[in-house]
2 protein chains.
Amino acid sequence: MQISKNEQDYIKSIFKLQADGSVSTTALSEHLHLKAASITDMLKKLADKKLVSYKKYQGVTLSTKGEKLALELIRKHRLWEVFLVEKLNYKWDEVHAIAEQLEHVEGLDLINRLDKFLGLPKFDPHGDPIPNEKLVLTKQNLSQLGKITKPGKYQVSMVNQDNPSFLQYLTKLSIKIGDIIKLHELITFDGSLNISINNSTSIFMSNTVANGIYVYKLNN
Amino acid sequence: MQISKNEQDYIKSIFKLQADGSVSTTALSEHLHLKAASITDMLKKLADKKLVSYKKYQGVTLSTKGEKLALELIRKHRLWEVFLVEKLNYKWDEVHAIAEQLEHVEGLDLINRLDKFLGLPKFDPHGDPIPNEKLVLTKQNLSQLGKITKPGKYQVSMVNQDNPSFLQYLTKLSIKIGDIIKLHELITFDGSLNISINNSTSIFMSNTVANGIYVYKLNN
DNA sequence: ATAATTTTTTAGGTTAGTCTAAATTTTTAT
DNA sequence: ATAAAAATTTAGACTAACCTAAAAAATTAT
Ligand SMILES: [Mn+2]
Ligand SMILES: [Mn+2]
Ligand SMILES: [Mn+2]
Ligand SMILES: [Mn+2]
(Lines give C-alpha, C1' and ligand atoms only; values in the text may rest on other atoms or scores of the structure.)
(Ligands and ions follow the chains in the order given, each with its own letter.)
Protein backbone atom coordinates (compact mmCIF):
# COMPACT_ATOMS: atom_id res chain seq x y z
CA MET A 1 0.00 0.00 0.00
CA GLN A 2 1.46 3.31 -1.06
CA ILE A 3 1.26 6.32 1.23
CA SER A 4 1.06 9.71 -0.42
CA LYS A 5 3.19 12.72 0.41
CA ASN A 6 0.20 14.34 2.10
CA GLU A 7 -0.62 11.29 4.17
CA GLN A 8 3.02 11.20 5.21
CA ASP A 9 2.88 14.79 6.39
CA TYR A 10 -0.22 14.05 8.46
CA ILE A 11 1.57 11.12 10.11
CA LYS A 12 4.55 13.30 10.96
CA SER A 13 2.27 15.94 12.47
CA ILE A 14 0.40 13.40 14.58
CA PHE A 15 3.73 12.06 15.83
CA LYS A 16 4.92 15.53 16.77
CA LEU A 17 1.68 16.41 18.56
CA GLN A 18 1.03 13.15 20.35
CA ALA A 19 3.44 13.84 23.23
CA ASP A 20 0.69 12.98 25.69
CA GLY A 21 -2.32 10.98 24.58
CA SER A 22 -4.41 11.42 21.49
CA VAL A 23 -4.26 14.31 19.05
CA SER A 24 -7.32 16.49 18.40
CA THR A 25 -8.68 17.50 15.03
CA THR A 26 -8.14 21.15 15.93
CA ALA A 27 -4.52 20.62 16.90
CA LEU A 28 -3.85 19.00 13.53
CA SER A 29 -5.84 21.65 11.75
CA GLU A 30 -3.64 24.34 13.23
CA HIS A 31 -0.38 22.47 12.77
CA LEU A 32 -1.04 21.69 9.11
CA HIS A 33 -2.81 24.97 8.30
CA LEU A 34 -5.82 23.08 6.97
CA LYS A 35 -9.50 23.29 7.85
CA ALA A 36 -10.88 20.90 10.45
CA ALA A 37 -13.17 19.26 7.88
CA SER A 38 -10.17 18.27 5.77
CA ILE A 39 -8.52 16.71 8.81
CA THR A 40 -11.57 14.57 9.53
CA ASP A 41 -11.60 13.31 5.95
CA MET A 42 -7.96 12.35 6.07
CA LEU A 43 -8.12 10.71 9.49
CA LYS A 44 -10.70 8.30 8.09
CA LYS A 45 -8.34 7.39 5.28
CA LEU A 46 -5.38 6.95 7.60
CA ALA A 47 -7.52 4.70 9.81
CA ASP A 48 -8.50 2.62 6.75
CA LYS A 49 -4.81 2.17 6.06
CA LYS A 50 -4.21 1.11 9.68
CA LEU A 51 -1.75 3.94 10.24
CA VAL A 52 -3.78 5.43 13.10
CA SER A 53 -6.49 4.45 15.47
CA TYR A 54 -9.34 6.92 15.25
CA LYS A 55 -12.78 7.12 16.80
CA LYS A 56 -15.20 9.94 16.01
CA TYR A 57 -14.87 12.90 18.35
CA GLN A 58 -12.11 11.04 20.25
CA GLY A 59 -8.98 12.28 18.48
CA VAL A 60 -6.34 10.09 16.89
CA THR A 61 -3.25 8.04 17.87
CA LEU A 62 -0.59 6.46 15.70
CA SER A 63 -0.60 2.70 15.28
CA THR A 64 2.68 0.80 15.49
CA LYS A 65 2.83 0.96 11.70
CA GLY A 66 2.14 4.71 11.78
CA GLU A 67 4.81 5.29 14.38
CA LYS A 68 7.37 3.39 12.34
CA LEU A 69 6.52 5.51 9.31
CA ALA A 70 6.83 8.71 11.34
CA LEU A 71 10.28 7.71 12.56
CA GLU A 72 11.38 6.90 9.02
CA LEU A 73 10.26 10.34 7.86
CA ILE A 74 11.94 12.09 10.78
CA ARG A 75 15.13 10.17 10.05
CA LYS A 76 15.00 11.21 6.41
CA HIS A 77 14.16 14.82 7.19
CA ARG A 78 16.99 15.23 9.67
CA LEU A 79 19.60 13.46 7.59
CA TRP A 80 18.79 15.60 4.56
CA GLU A 81 19.08 18.67 6.80
CA VAL A 82 22.57 17.54 7.81
CA PHE A 83 23.44 17.10 4.14
CA LEU A 84 22.23 20.58 3.26
CA VAL A 85 24.18 22.24 6.06
CA GLU A 86 27.35 20.12 6.04
CA LYS A 87 27.77 19.55 2.33
CA LEU A 88 25.95 22.37 0.60
CA ASN A 89 26.75 25.04 3.21
CA TYR A 90 23.21 26.14 3.87
CA LYS A 91 22.52 27.95 7.12
CA TRP A 92 20.39 26.27 9.76
CA ASP A 93 17.47 28.59 9.12
CA GLU A 94 17.31 27.74 5.40
CA VAL A 95 17.05 23.98 5.36
CA HIS A 96 13.65 23.10 6.72
CA ALA A 97 11.54 23.73 3.61
CA ILE A 98 13.92 21.80 1.36
CA ALA A 99 14.13 18.85 3.77
CA GLU A 100 10.34 18.87 3.89
CA GLN A 101 10.43 17.86 0.21
CA LEU A 102 13.47 15.60 0.30
CA GLU A 103 12.00 13.48 3.09
CA HIS A 104 9.44 12.14 0.61
CA VAL A 105 11.95 10.88 -1.93
CA GLU A 106 11.90 7.10 -2.13
CA GLY A 107 14.73 4.85 -3.13
CA LEU A 108 16.03 1.46 -2.14
CA ASP A 109 18.62 2.04 0.53
CA LEU A 110 18.85 5.75 -0.28
CA ILE A 111 18.65 7.04 3.25
CA ASN A 112 21.08 4.52 4.68
CA ARG A 113 23.60 5.39 1.99
CA LEU A 114 23.13 9.06 2.77
CA ASP A 115 23.57 8.32 6.47
CA LYS A 116 26.87 6.54 5.80
CA PHE A 117 28.01 9.30 3.46
CA LEU A 118 27.40 11.86 6.21
CA GLY A 119 29.31 9.80 8.77
CA LEU A 120 26.30 8.47 10.73
CA PRO A 121 25.49 11.78 12.41
CA LYS A 122 23.62 11.60 15.73
CA PHE A 123 22.01 15.04 15.58
CA ASP A 124 20.58 17.35 12.96
CA PRO A 125 21.66 21.01 12.57
CA HIS A 126 19.13 22.11 15.20
CA GLY A 127 20.31 19.56 17.74
CA ASP A 128 17.47 17.13 17.18
CA PRO A 129 18.47 13.48 17.53
CA ILE A 130 18.38 11.36 14.35
CA PRO A 131 16.72 7.92 14.57
CA ASN A 132 19.27 5.26 13.65
CA GLU A 133 18.94 2.65 10.90
CA LYS A 134 16.79 0.57 13.27
CA LEU A 135 14.61 3.66 13.84
CA VAL A 136 15.59 3.96 17.49
CA LEU A 137 15.26 7.58 18.57
CA THR A 138 17.31 8.44 21.66
CA LYS A 139 15.63 11.19 23.57
CA GLN A 140 17.75 13.60 25.55
CA ASN A 141 16.80 14.99 28.90
CA LEU A 142 16.84 18.72 28.22
CA SER A 143 15.29 21.80 29.78
CA GLN A 144 14.07 24.97 28.15
CA LEU A 145 16.49 27.74 29.09
CA GLY A 146 13.51 29.96 29.91
CA LYS A 147 12.23 27.53 32.53
CA ILE A 148 15.46 27.22 34.48
CA THR A 149 15.34 28.43 38.07
CA LYS A 150 18.96 28.67 39.19
CA PRO A 151 22.05 30.33 37.79
CA GLY A 152 24.80 28.00 36.51
CA LYS A 153 26.47 26.54 33.45
CA TYR A 154 24.41 24.97 30.68
CA GLN A 155 25.13 23.59 27.23
CA VAL A 156 22.98 24.53 24.22
CA SER A 157 21.75 21.18 22.91
CA MET A 158 18.71 21.88 20.78
CA VAL A 159 16.83 24.85 19.44
CA ASN A 160 13.31 25.43 18.27
CA GLN A 161 13.39 25.27 14.47
CA ASP A 162 9.86 26.19 13.57
CA ASN A 163 10.64 29.82 12.90
CA PRO A 164 13.49 30.79 10.56
CA SER A 165 13.65 34.30 11.98
CA PHE A 166 14.15 32.89 15.47
CA LEU A 167 17.10 30.89 14.13
CA GLN A 168 18.45 34.00 12.42
CA TYR A 169 18.21 35.87 15.71
CA LEU A 170 20.20 33.15 17.47
CA THR A 171 22.81 33.42 14.74
CA LYS A 172 22.97 37.17 15.33
CA LEU A 173 23.57 36.47 19.03
CA SER A 174 26.14 33.89 17.84
CA ILE A 175 24.46 31.09 19.71
CA LYS A 176 25.14 27.66 18.25
CA ILE A 177 24.56 24.03 19.22
CA GLY A 178 27.25 23.02 21.74
CA ASP A 179 27.86 26.50 23.10
CA ILE A 180 28.21 26.95 26.85
CA ILE A 181 25.79 29.40 28.40
CA LYS A 182 26.49 30.86 31.82
CA LEU A 183 23.24 32.00 33.41
CA HIS A 184 24.12 34.92 35.65
CA GLU A 185 20.83 36.39 36.69
CA LEU A 186 17.14 35.62 36.42
CA ILE A 187 14.62 38.45 36.41
CA THR A 188 11.61 36.88 38.08
CA PHE A 189 9.30 39.70 37.01
CA ASP A 190 9.24 38.81 33.30
CA GLY A 191 11.42 35.72 33.18
CA SER A 192 14.16 37.42 31.19
CA LEU A 193 17.78 36.39 31.68
CA ASN A 194 21.27 37.70 31.87
CA ILE A 195 23.69 35.25 30.27
CA SER A 196 27.08 34.95 28.66
CA ILE A 197 27.94 32.66 25.79
CA ASN A 198 31.29 30.84 25.70
CA ASN A 199 32.63 33.28 28.30
CA SER A 200 32.13 36.38 26.20
CA THR A 201 30.48 39.56 27.48
CA SER A 202 27.09 39.06 29.07
CA ILE A 203 23.89 39.76 27.19
CA PHE A 204 20.22 40.13 27.92
CA MET A 205 17.70 37.58 26.63
CA SER A 206 13.90 37.63 26.76
CA ASN A 207 12.01 34.69 28.20
CA THR A 208 10.41 34.06 24.79
CA VAL A 209 13.78 33.58 23.15
CA ALA A 210 15.11 31.54 26.09
CA ASN A 211 12.19 29.14 25.75
CA GLY A 212 13.28 28.27 22.23
CA ILE A 213 16.66 27.10 23.53
CA TYR A 214 17.00 23.66 25.10
CA VAL A 215 19.97 23.12 27.38
CA TYR A 216 21.71 20.40 29.30
CA LYS A 217 22.90 21.19 32.85
CA LEU A 218 26.65 20.99 33.34
CA ASN A 219 28.07 19.95 36.75
CA ASN A 220 29.97 23.00 37.96
CA MET B 1 2.60 30.49 -11.39
CA GLN B 2 3.50 27.12 -9.94
CA ILE B 3 4.08 24.14 -12.20
CA SER B 4 3.20 20.74 -10.82
CA LYS B 5 5.43 17.69 -10.85
CA ASN B 6 3.25 16.15 -13.54
CA GLU B 7 3.32 19.24 -15.70
CA GLN B 8 7.10 19.22 -15.34
CA ASP B 9 7.31 15.64 -16.54
CA TYR B 10 5.22 16.50 -19.61
CA ILE B 11 7.58 19.38 -20.42
CA LYS B 12 10.60 17.09 -20.13
CA SER B 13 8.96 14.56 -22.44
CA ILE B 14 8.10 17.16 -25.04
CA PHE B 15 11.68 18.40 -24.94
CA LYS B 16 13.03 14.89 -25.43
CA LEU B 17 10.67 14.14 -28.32
CA GLN B 18 10.82 17.45 -30.16
CA ALA B 19 14.11 16.69 -31.95
CA ASP B 20 12.55 17.74 -35.22
CA GLY B 21 9.36 19.78 -35.30
CA SER B 22 6.26 19.35 -33.21
CA VAL B 23 5.40 16.44 -30.96
CA SER B 24 2.25 14.39 -31.54
CA THR B 25 -0.30 13.40 -28.94
CA THR B 26 0.43 9.74 -29.67
CA ALA B 27 4.17 10.15 -29.19
CA LEU B 28 3.59 11.71 -25.79
CA SER B 29 1.00 9.12 -24.92
CA GLU B 30 3.52 6.36 -25.53
CA HIS B 31 6.42 8.11 -23.86
CA LEU B 32 4.48 8.88 -20.69
CA HIS B 33 2.43 5.68 -20.66
CA LEU B 34 -0.81 7.64 -20.52
CA LYS B 35 -3.92 7.58 -22.70
CA ALA B 36 -4.14 10.06 -25.57
CA ALA B 37 -7.18 11.75 -24.01
CA SER B 38 -5.14 12.60 -20.91
CA ILE B 39 -2.43 14.13 -23.08
CA THR B 40 -4.94 16.37 -24.84
CA ASP B 41 -6.24 17.58 -21.47
CA MET B 42 -2.78 18.43 -20.23
CA LEU B 43 -1.63 20.10 -23.44
CA LYS B 44 -4.47 22.58 -23.05
CA LYS B 45 -3.31 23.38 -19.54
CA LEU B 46 0.31 23.76 -20.60
CA ALA B 47 -0.79 26.08 -23.39
CA ASP B 48 -2.79 28.16 -20.87
CA LYS B 49 0.39 28.49 -18.85
CA LYS B 50 2.32 29.55 -21.96
CA LEU B 51 4.73 26.66 -21.63
CA VAL B 52 3.87 25.27 -25.07
CA SER B 53 2.28 26.35 -28.27
CA TYR B 54 -0.52 24.00 -29.16
CA LYS B 55 -3.12 23.93 -31.90
CA LYS B 56 -5.74 21.22 -32.13
CA TYR B 57 -4.64 18.29 -34.27
CA GLN B 58 -1.30 20.05 -34.92
CA GLY B 59 0.85 18.66 -32.13
CA VAL B 60 2.79 20.73 -29.65
CA THR B 61 6.07 22.67 -29.36
CA LEU B 62 7.78 24.14 -26.32
CA SER B 63 7.69 27.91 -25.88
CA THR B 64 10.87 29.69 -24.82
CA LYS B 65 9.59 29.49 -21.26
CA GLY B 66 8.90 25.77 -21.65
CA GLU B 67 12.32 25.12 -23.10
CA LYS B 68 13.99 26.92 -20.22
CA LEU B 69 12.01 24.83 -17.74
CA ALA B 70 12.97 21.63 -19.58
CA LEU B 71 16.65 22.52 -19.41
CA GLU B 72 16.38 23.30 -15.71
CA LEU B 73 14.82 19.90 -15.09
CA ILE B 74 17.43 18.11 -17.18
CA ARG B 75 20.16 19.93 -15.30
CA LYS B 76 18.66 18.90 -11.99
CA HIS B 77 18.09 15.31 -13.05
CA ARG B 78 21.62 14.83 -14.30
CA LEU B 79 23.31 16.55 -11.37
CA TRP B 80 21.39 14.43 -8.88
CA GLU B 81 22.43 11.35 -10.87
CA VAL B 82 26.05 12.40 -10.49
CA PHE B 83 25.50 12.83 -6.76
CA LEU B 84 23.97 9.39 -6.40
CA VAL B 85 26.79 7.68 -8.28
CA GLU B 86 29.76 9.73 -7.09
CA LYS B 87 28.80 10.30 -3.48
CA LEU B 88 26.39 7.53 -2.55
CA ASN B 89 28.06 4.83 -4.69
CA TYR B 90 25.00 3.81 -6.64
CA LYS B 91 25.55 1.99 -9.91
CA TRP B 92 24.58 3.72 -13.16
CA ASP B 93 21.60 1.45 -13.66
CA GLU B 94 20.08 2.33 -10.27
CA VAL B 95 19.89 6.10 -10.31
CA HIS B 96 17.27 7.04 -12.85
CA ALA B 97 14.13 6.47 -10.75
CA ILE B 98 15.54 8.36 -7.78
CA ALA B 99 16.69 11.30 -9.91
CA GLU B 100 13.22 11.35 -11.44
CA GLN B 101 11.95 12.38 -7.99
CA LEU B 102 14.85 14.57 -6.92
CA GLU B 103 14.58 16.72 -10.06
CA HIS B 104 11.30 18.10 -8.70
CA VAL B 105 12.71 19.32 -5.40
CA GLU B 106 12.69 23.10 -5.22
CA GLY B 107 14.99 25.29 -3.23
CA LEU B 108 16.64 28.65 -3.63
CA ASP B 109 20.02 28.01 -5.13
CA LEU B 110 19.85 24.30 -4.32
CA ILE B 111 20.94 22.99 -7.66
CA ASN B 112 23.81 25.45 -8.07
CA ARG B 113 25.12 24.54 -4.64
CA LEU B 114 24.89 20.87 -5.56
CA ASP B 115 26.69 21.59 -8.82
CA LYS B 116 29.53 23.29 -6.96
CA PHE B 117 29.67 20.52 -4.38
CA LEU B 118 30.06 17.97 -7.17
CA GLY B 119 32.82 19.99 -8.83
CA LEU B 120 30.81 21.36 -11.75
CA PRO B 121 30.61 18.07 -13.65
CA LYS B 122 30.13 18.28 -17.41
CA PHE B 123 28.48 14.87 -17.91
CA ASP B 124 26.13 12.60 -16.01
CA PRO B 125 26.91 8.93 -15.27
CA HIS B 126 25.50 7.89 -18.65
CA GLY B 127 27.60 10.39 -20.55
CA ASP B 128 24.80 12.91 -21.08
CA PRO B 129 25.95 16.53 -21.03
CA ILE B 130 24.75 18.65 -18.10
CA PRO B 131 23.37 22.13 -18.89
CA ASN B 132 25.45 24.73 -17.06
CA GLU B 133 24.20 27.35 -14.62
CA LYS B 134 23.13 29.47 -17.59
CA LEU B 135 21.25 26.44 -18.97
CA VAL B 136 23.50 26.09 -21.98
CA LEU B 137 23.51 22.50 -23.16
CA THR B 138 26.53 21.57 -25.23
CA LYS B 139 25.61 18.85 -27.68
CA GLN B 140 28.26 16.39 -28.73
CA ASN B 141 28.55 14.99 -32.20
CA LEU B 142 28.25 11.28 -31.59
CA SER B 143 27.31 8.21 -33.62
CA GLN B 144 25.52 5.07 -32.57
CA LEU B 145 28.06 2.26 -32.56
CA GLY B 146 25.52 0.11 -34.40
CA LYS B 147 25.34 2.55 -37.32
CA ILE B 148 29.07 2.79 -37.95
CA THR B 149 30.27 1.57 -41.32
CA LYS B 150 34.02 1.25 -41.05
CA PRO B 151 36.37 -0.47 -38.59
CA GLY B 152 38.49 1.80 -36.42
CA LYS B 153 38.95 3.24 -32.93
CA TYR B 154 36.06 4.86 -31.09
CA GLN B 155 35.48 6.25 -27.62
CA VAL B 156 32.37 5.35 -25.62
CA SER B 157 30.81 8.73 -24.84
CA MET B 158 27.19 8.11 -23.98
CA VAL B 159 24.89 5.17 -23.44
CA ASN B 160 21.15 4.67 -23.66
CA GLN B 161 19.85 4.86 -20.12
CA ASP B 162 16.21 4.00 -20.61
CA ASN B 163 16.61 0.35 -19.70
CA PRO B 164 18.39 -0.66 -16.47
CA SER B 165 18.97 -4.19 -17.75
CA PHE B 166 20.76 -2.79 -20.79
CA LEU B 167 23.05 -0.84 -18.43
CA GLN B 168 23.61 -3.98 -16.38
CA TYR B 169 24.55 -5.87 -19.52
CA LEU B 170 27.11 -3.19 -20.40
CA THR B 171 28.54 -3.51 -16.89
CA LYS B 172 28.82 -7.26 -17.42
CA LEU B 173 30.76 -6.58 -20.62
CA SER B 174 32.74 -4.04 -18.55
CA ILE B 175 31.95 -1.21 -20.91
CA LYS B 176 32.10 2.21 -19.29
CA ILE B 177 32.00 5.83 -20.38
CA GLY B 178 35.44 6.78 -21.72
CA ASP B 179 36.44 3.29 -22.79
CA ILE B 180 38.15 2.81 -26.15
CA ILE B 181 36.42 0.41 -28.49
CA LYS B 182 38.27 -1.08 -31.42
CA LEU B 183 35.82 -2.15 -34.11
CA HIS B 184 37.41 -5.11 -35.89
CA GLU B 185 34.69 -6.51 -38.05
CA LEU B 186 31.19 -5.65 -39.15
CA ILE B 187 28.78 -8.42 -40.08
CA THR B 188 26.62 -6.80 -42.74
CA PHE B 189 24.04 -9.58 -42.63
CA ASP B 190 22.61 -8.66 -39.18
CA GLY B 191 24.66 -5.60 -38.25
CA SER B 192 26.44 -7.36 -35.40
CA LEU B 193 30.02 -6.43 -34.53
CA ASN B 194 33.31 -7.81 -33.43
CA ILE B 195 35.03 -5.40 -31.05
CA SER B 196 37.61 -5.17 -28.29
CA ILE B 197 37.40 -2.88 -25.29
CA ASN B 198 40.51 -1.13 -23.97
CA ASN B 199 42.66 -3.59 -25.91
CA SER B 200 41.36 -6.69 -24.14
CA THR B 201 40.24 -9.86 -25.97
CA SER B 202 37.69 -9.29 -28.69
CA ILE B 203 34.01 -9.91 -28.12
CA PHE B 204 30.84 -10.21 -30.16
CA MET B 205 28.08 -7.61 -29.88
CA SER B 206 24.59 -7.57 -31.37
CA ASN B 207 23.41 -4.60 -33.41
CA THR B 208 20.69 -3.91 -30.83
CA VAL B 209 23.23 -3.49 -28.05
CA ALA B 210 25.58 -1.49 -30.29
CA ASN B 211 22.80 0.96 -31.04
CA GLY B 212 22.54 1.83 -27.36
CA ILE B 213 26.18 2.91 -27.31
CA TYR B 214 27.14 6.34 -28.64
CA VAL B 215 30.74 6.82 -29.67
CA TYR B 216 33.15 9.49 -30.80
CA LYS B 217 35.53 8.66 -33.65
CA LEU B 218 39.22 8.79 -32.75
CA ASN B 219 41.78 9.80 -35.40
CA ASN B 220 43.92 6.71 -35.86
C1' DA C 1 -12.43 10.88 -54.98
C1' DT C 2 -14.22 7.87 -51.86
C1' DA C 3 -13.64 4.70 -48.35
C1' DA C 4 -11.04 2.77 -44.65
C1' DT C 5 -7.86 3.55 -41.09
C1' DT C 6 -5.51 6.14 -37.76
C1' DT C 7 -5.09 10.04 -34.85
C1' DT C 8 -6.98 13.30 -31.94
C1' DT C 9 -10.49 15.45 -29.37
C1' DT C 10 -14.77 15.59 -26.63
C1' DA C 11 -17.91 13.93 -23.18
C1' DG C 12 -18.63 12.02 -19.03
C1' DG C 13 -16.74 9.61 -14.86
C1' DT C 14 -13.32 8.57 -10.90
C1' DT C 15 -10.09 9.48 -6.98
C1' DA C 16 -7.20 12.45 -3.92
C1' DG C 17 -7.26 16.33 -1.40
C1' DT C 18 -8.92 20.48 -0.38
C1' DC C 19 -12.76 24.06 0.85
C1' DT C 20 -17.33 26.41 3.01
C1' DA C 21 -21.50 26.06 5.36
C1' DA C 22 -24.57 23.49 8.09
C1' DA C 23 -25.50 19.91 11.46
C1' DT C 24 -24.14 17.35 15.38
C1' DT C 25 -21.63 16.20 19.50
C1' DT C 26 -18.92 17.41 23.42
C1' DT C 27 -17.36 20.60 26.78
C1' DT C 28 -17.85 24.56 29.71
C1' DA C 29 -20.34 27.99 32.22
C1' DT C 30 -24.28 29.46 34.65
C1' DA D 1 -29.37 20.64 34.70
C1' DT D 2 -29.65 23.69 31.14
C1' DA D 3 -27.86 26.78 28.05
C1' DA D 4 -24.06 28.65 25.58
C1' DA D 5 -19.77 27.84 23.40
C1' DA D 6 -16.41 25.11 21.21
C1' DA D 7 -15.01 21.17 18.69
C1' DT D 8 -16.01 17.94 15.31
C1' DT D 9 -18.32 15.80 11.58
C1' DT D 10 -21.26 15.76 7.44
C1' DA D 11 -22.83 17.51 3.04
C1' DG D 12 -21.90 19.42 -1.08
C1' DA D 13 -18.46 21.65 -4.27
C1' DC D 14 -14.08 22.40 -6.49
C1' DT D 15 -9.42 21.33 -8.97
C1' DA D 16 -5.78 18.22 -10.68
C1' DA D 17 -4.99 14.29 -13.08
C1' DC D 18 -6.27 10.40 -14.73
C1' DC D 19 -9.64 6.96 -17.32
C1' DT D 20 -13.15 4.78 -21.13
C1' DA D 21 -16.12 5.27 -24.91
C1' DA D 22 -17.80 7.92 -28.61
C1' DA D 23 -17.31 11.59 -32.04
C1' DA D 24 -14.65 14.16 -35.24
C1' DA D 25 -10.70 15.21 -38.07
C1' DA D 26 -6.74 13.90 -40.68
C1' DT D 27 -4.28 10.57 -43.21
C1' DT D 28 -3.75 6.64 -46.19
C1' DA D 29 -5.31 3.25 -49.44
C1' DT D 30 -8.14 1.89 -53.16
MN1 LIG E 1 7.02 16.93 3.98
MN1 LIG F 1 15.80 20.01 12.14
MN1 LIG G 1 10.21 13.37 -12.80
MN1 LIG H 1 21.34 10.10 -17.07
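Below, read A as the first sequence line, B as the second, and so on, with proteins coming before strands; counting in each chain starts at 1.
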Q: Any chance you could list the contact pattern along nucleotides 4-11 of chain C? Use B for base contacts, S for sugar-phosphate-only contacts and - for none, protein heavy atoms under 4.0 Å, 5' to 3'.
A: ---SBBB-
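- With sequence neighbours left out, A:Ile3 forms a side-chain contact (heavy atoms from CB on, under 4.5 Å) with A:Glu7, A:Gln8, A:Leu51, A:Leu69.
- Here C:dT15 presents its P atom at 18 Å from CG of A:Asn6, a figure rounded to the nearest Å.
- Under the ring pair (Phe, Tyr, Trp, His ring centres under 6.0 Å) criterion, the residue pairs touching residues 21-77 of chain B are B:His77-B:His96, with sequence neighbours excluded.
- Atom NZ in B:Lys35 sits roughly 16 Å away from atom C1' in C:dG13 (whole-Å rounding).
- The closest side-chain donor-acceptor pair between B:Gln144 and B:Lys147 falls under 3.5 angstrom.
- Rounded to an integer number of Å, the gap from B:Lys5 NZ to C:dA16 C1' is 15 Å.
- Of all the residues in residues 8-17 of chain A, A:Tyr10 reach under 4.0 Å from DNA chain C with at least one non-hydrogen atom.
- Within the structure, the ring pair (Phe, Tyr, Trp, His ring centres under 6.0 Å) test picks out no pair touching residues 4-23 of chain A (sequence neighbours left out).
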Show me the donor-acceptor pairs within less than 3.5 Å that the side chains of residues 36-45 of chain A make with the rest of the protein, sequence neighbours left out.
unit_1	atom_1	unit_2	atom_2	d
A:Thr40	OG1	A:Ala36	O	3.3

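- Each of A:Leu142, A:Leu145, A:Leu183, A:Val159 was scored for a side chain to side chain contact (heavy atoms under 4.5 Å, CB included) with A:Val215, with one residue passing: A:Leu145.
- The side-chain contact (heavy atoms from CB on, under 4.5 Å) test applied to A:Thr26 returns A:Ser24, A:Glu30, not counting sequence neighbours.
- A straight line from CE of A:Met42 to P of C:dC19 spans 11 Å, rounded to a whole angstrom.
- Judged as a salt bridge (Lys or Arg N to Asp or Glu O under 4.0 Å), the pairs with a partner in residues 100-116 of chain B (not counting sequence neighbours) are, in order, B:Lys12-B:Glu100, B:Lys12-B:Glu103, B:Arg75-B:Asp115, B:Asp109-B:Arg113.
- B:Ser165 pairs by the side-chain contact (heavy atoms from CB on, under 4.5 Å) definition with B:Asn163, B:Gln168, not counting sequence neighbours.
- Chain A approaches DNA chain D over the interval D:dA7 to D:dT10, counting the first and last nucleotide 5' to 3' with an atom under 4.0 Å from its heavy atoms.
- Distance NE2 (A:His33) to P (C:dT18): 13 Å, rounded to an integer number of Å.
- Residues satisfying the side-chain contact (heavy atoms from CB on, under 4.5 Å) criterion with A:Val85, sequence neighbours excluded, are A:Val95, A:Pro125.
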Under 3.5 Å, sequence neighbours excluded: what are the donor-acceptor pairs made by side chains of residues 126-134 of chain A?
unit_1	atom_1	unit_2	atom_2	d
A:His126	ND1	A:Glu81	OE1	3.1
A:His126	ND1	A:Gln161	OE1	3.0
A:His126	NE2	A:Trp92	O	2.9
A:Asp128	OD2	A:Gln161	NE2	2.3
A:Asn132	OD1	A:Lys134	N	2.8
A:Asn132	OD1	A:Leu135	N	3.0
A:Asn132	OD1	A:Val136	N	3.0
A:Glu133	OE2	A:Asn112	ND2	3.2

